[in-house]
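These notes concern the structure reproduced below.
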2 protein chains.
Amino acid sequence: MSGDKPKTYSIKELACDFGVTPRTLRHYEDQGLISPERQGQNRIYSAEDRVRLAWILRGKRVGFSLSEIGEMLDLYDLGDGREKQRAVTAERCRDRIRALEAQRDDINATIEELQEFSELISNLKRDKKKGVWIRRDTGQPLQKYEP
Amino acid sequence: MSGDKPKTYSIKELACDFGVTPRTLRHYEDQGLISPERQGQNRIYSAEDRVRLAWILRGKRVGFSLSEIGEMLDLYDLGDGREKQRAVTAERCRDRIRALEAQRDDINATIEELQEFSELISNLKRDKKKGVWIRRDTGQPLQKYEP
DNA sequence: ACCGAGGTTGACGTTAACGTAAACGTTAAC
DNA sequence: GTTAACGTTTACGTTAACGTCAACCTCGGT
């Protein structure tokens, strides 16, 4: 009735859906990040695999290595479920969060500096007499890094 | 009076100040990211070099490659200062900003998911009868990824 | 004179994350 | 039946960002 054909994907389908190559997916499998089912030899990817892959790729975009991503995915598998183990898992989770927050701060700082700089050079003009660059807003001449 | 000894740094000083190795600094120099002065053979790093290095390392932390960082540093040197060139520079700047903002969104999404998950496993408890995990808050059993 | 602590330049090694190519099997189309 | 389009495994190649090591200089101290 409802779950007749849960929609699966071939390796190439899934790959170009996400803008990567089949080789990449096989590589992720070698690293234990995804384990699609098989029809004979061929890999069959499920909707869950899609979600996992999305996670992996976002992990990559924010700068994690494959093994780090592997660890994080392992967290989702909850280990053996013992209390202690779960406490460790939760703590690792929070570590990651802290690292990500620090990274976000870095990004914000970088954005700000780029923003300032972009505005600076957009507002720059030439003082014909002195042959020097000055800022249209403050009228100040350019300090460091004069061209 | 004011600028007597503008404070310089040896390679090792600067390196451990930033928690990297001298080799790393030489490598960055090979890639054209910093060009310290020389006293004979020895490298002498200035305060400006320090700032540059800080920029480089933050660039790394947010996931840029050395060559990308190189391009960004080149931006600061303003090319030859021609109008067109400066327009290009400013646009590239804004491109970078957009990329960084996208990355920040990714980070935020990842943080949120980790947060949710961390809370989930902290609130998890065992249903002795059924031998299954349920959530302390909702009372719901665990769905996907059961251990 | 000698040593150790710092510096230098090669140059080769390593790791991660794939790319690329070879050699092969399967299925659908012509 | 053969060609094309897909898949498979195995294995070597590549790039980035350094690590590591050798072989050397040079300076202040004892």
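Chain identifiers are assigned alphabetically (A, B, ...) following the order of the sequence lines, protein sequences preceding nucleic acid strands; residue numbering begins at 1 within each chain. On a predicted model such as this, the values are computed, not experimentally measured, just so you know.
- E13(A) places a side-chain N or O within 3.5 Å of a backbone atom of S10(A) that can act as its donor or acceptor partner.
- If you take CZ of F64(B) and C1' of dC18(D), they are 20 Å apart, rounded to a whole angstrom.
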When Watson-Crick pairs (N1 to N3 and N6-O4 or O6-N4) and G-U wobble pairs (N1-O2 and O6-N3) count only below 3.5 Å on both distances, what is the dot-bracket string of DNA chain C, with | for other-strand pairs? ||.|||||||||||||||||||||||||||

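- Within 6.0 Å of CZ on R58(A) lie more than 12 heavy atoms contributed by other residues, nucleotides or ligands.
- T21(B) has a side-chain polar atom (N or O) that falls below the 4.0 Å cut-off from OP1 or OP2 of dG19(D).
- Counting to the nearest Å, the P atom of dG7(D) and the CZ atom of R43(A) are 10 Å from each other.
- In this structure, K12(B) does not reach the dA5(C) phosphate: none of its side-chain N or O atoms is under 4.0 Å from OP1 or OP2.
- Spacing between atom CG of N42(B) and atom P of dG7(C) amounts to 8 Å, rounded to whole angstrom units.
- Contact check, T24(A) against dG19(C): a side-chain N or O comes under 4.0 Å of OP1 or OP2.
- By the 4.5 Å heavy-atom criterion applied to side chains, F64(B) and L100(B) are counted as neighbours.
- As a whole-Å value, the separation of L33(B) CG from dA16(D) P is 13 Å.
- Between the CD atom of E13(B) and the P atom of dG7(C) there is a distance of 9 Å, rounded to whole Å.
- Remark: P of dA16(C) and CG of L66(B) are 18 Å apart, rounded to the nearest angstrom.
- Looking only at side-chain heavy atoms (C-beta outward), L73(B) and R52(B) come within less than 4.5 Å of each other.
- The shortest side-chain heavy-atom distance between R43(A) and L25(A) does not fall under the 4.5 Å cut-off.
- Residues Y45(B) and I34(B) form a side-chain contact, since some pair of their non-hydrogen atoms from C-beta on lies under 4.5 Å apart.
- Closest to the side chain of H27(A), from the set dA17(C), dC18(D), dG7(D), is dA17(C).
- Residue R23(B) places no side-chain N or O under 4.0 Å from the OP1 or OP2 atom of dC12(C).
- In this structure, CD of E68(B) is placed 17 Å from P of dT15(D), rounded to the nearest angstrom.
- For R26(A), a side-chain nitrogen or oxygen approaches OP1 or OP2 of dT8(D) to under 4.0 Å.
- Between I44(A) atom CD1 and dG7(D) atom C1' the separation is 10 Å, expressed in whole Å.
- Between Q31(A) and S67(A), the closest side-chain pair of non-hydrogen atoms is not below 4.5 Å.
- Looking at heavy-atom distances under 4.0 Å, Y28(B) makes contact with sugar-phosphate atoms alone, never a base.
- Relative to the side chain of S65(A), the nucleotides dG7(D), dA17(C), dA17(D) differ in distance, and dA17(C) lies closest.
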